[in-house]
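Below is one structure, written out as structure tokens; the observations come after it.
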Amino acid sequence: AQSVTQLGSHVSVSEGALVLLRCNYSSSVPPYLFWYVQYPNQGLQLLLKYTSAATLVKGINGFEAEFKKSETSFHLTKPSAHMSDAAEYFCAVSRTGGFKTIFGAGTRLFVKA
Amino acid sequence: EAGVVQSPRYKIIEKKQPVAFWCNPISGHNTLYWYLQNLGQGPELLIRYENEEAVDDSQLPKDRFSAERLKGVDSTLKIQPAELGDSAVYLCASSLGNLAGEETQYFGPGTRLLVL
């Protein structure tokens with residue numbers, strides 16, 4: 001079985017500060033890992049995904065995430081937060097040959113001016 | 001390219017009434033998903049279609065929920081009768097259907113259901 005844990009339901013940063021959103025996964029087989037973002041009243045959209053190529057994955061809007069197998073983590077970072085980054089972020093896991101994606105509970109990011 | 005379209009965007013009904021949600025996926029996407037998103041939670045899969053075939057409906061409460069994708073394109077999710085606990089956002093997503101677990105899913109804006 002697969003699962004995802006997002007540490008911190010809410011994260012608040014100042015504009016220009018580092019963004020770090022934490023995600024740990026559990027999977028008995030090599031995982032695929034995703035970060036999706038959800039803006040208010042919109043559907044989820046893909047930020048980036050890990051599919052067993054490079055462990056450091058770069059996504060849209062300056063976000064990146066690093067797959068660390070030893071730590072079973074896939075934390076999302078951005079060097080400098082912007083007001084427009086305020087949204088809810090979901091980490092998700094799936095596996096080779098399977099279509100079922102398991103989503104974490106989400107982390108709401110607040111950006112202070 | 002048009003995204004995933006869902007309607008209605010909002011629905012308020014009284015308990016025990018029926019309700020239906022409609023989804024039109026991105027053109028050419030063979031896989032269609034219906035998710036339930038409760039407040040403060042991530043999406044949870046209700047049902048997945050490969051073309052017109054429901055290939056994973058294990059999480060769909062079949063006593064009151066039903067879904068169809070008759071021609072392998074758009075889909076309808078129905079609840080009858082609705083209960084107070086069904087209040088949530090119902091998300092539809094689609095994907096190409098040829099990359100299995102590494103596929104990107106494209107989500108619609110969701111239908112926000114309130115059952116009174």
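Note that this is a predicted model, so its numbers are computed, not measured. Each chain gets a letter, A, B and so on, in the order its sequence line appears, and its residues count up from 1.
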| query | Does Val19(B) share a hydrophobic cluster with Leu60(B), counting links as ILVMFWY side-chain heavy atoms below 4.5 Å and allowing steps through other members? | reply | yes
| said: Given heavy-atom pairs under 4.5 angstrom as the criterion, report whether the side chain, backbone, both or neither of Gln6(B) touches chain A. | reply: neither
| remark: Turns out that what part of Ser9(A) lies under 4.5 Å from chain B's heavy atoms comes down to neither
| query | Out of curiosity, does Phe103(A) fall in the hydrophobic cluster containing Ile47(B) (side-chain heavy atoms, cut-off under 4.5 Å, transitive links)? | reply | no
| Out of curiosity, does Tyr50(A) fall in the hydrophobic cluster containing Trp35(A) (side-chain heavy atoms, cut-off under 4.5 Å, transitive links)? | yes
| Are the side chains of Lys100(A) and Tyr33(B) in touch, meaning some heavy atoms are under 4.5 Å apart? | no
| request: Examine Val37(A) and Tyr106(B) and state if one hydrophobic cluster contains both, with Ile, Leu, Val, Met, Phe, Trp and Tyr joined whenever side-chain heavy atoms are less than 4.5 Å apart. | output: no
| Polar side chain donor-acceptor pair, Ser94(A) to Glu102(B), under 3.5 angstrom | no
| message | Using a 6.0 Å cut-off, check whether atom CG of Leu116(B) has over 12 heavy atoms from anything other than its own residue. | response | yes
| request: Could you tell me whether the side chain of Pro43(B) reaches within less than 4.5 Å of the side chain of Tyr36(A), counting heavy atoms only? | output: no
| Side-chain touch Asn41(A)/Arg112(B), heavy atoms, less than 4.5 angstrom | yes
| For Gln38(A), is it the side chain, the backbone, both, or neither that has a heavy atom closer than 4.5 Å to a heavy atom of chain B? | side chain
| task | Determine the option with the most heavy-atom pairs under 4.5 angstrom with chain B, choosing from Leu44(A), Leu46(A), Ile102(A), Leu33(A). | result | Leu44(A)
| Can you tell me how far the CZ atom of Phe90(A) sits from the CD atom of Gln37(B), to the nearest 0.5 Å? | 4.5 Å
| field | hydrophobic_cluster_shared for Tyr32(A) and Phe63(A), side chain cutoff 4.5 Å | value | no
| Roughly how far apart are Thr104(B) OG1 and Phe34(A) CZ, rounded to 0.5 Å? | 6.5 Å
| task | May I ask you to name which of Gln42(A), Gln45(A), Lys49(A) has the most heavy-atom pairs under 4.5 Å with chain B? | result | Lys49(A)
| message | Could you check whether atom NZ of Lys16(B) has more than 12 heavy atoms from other residues, nucleotides or ligands sitting under 6.0 Å from it? | response | no
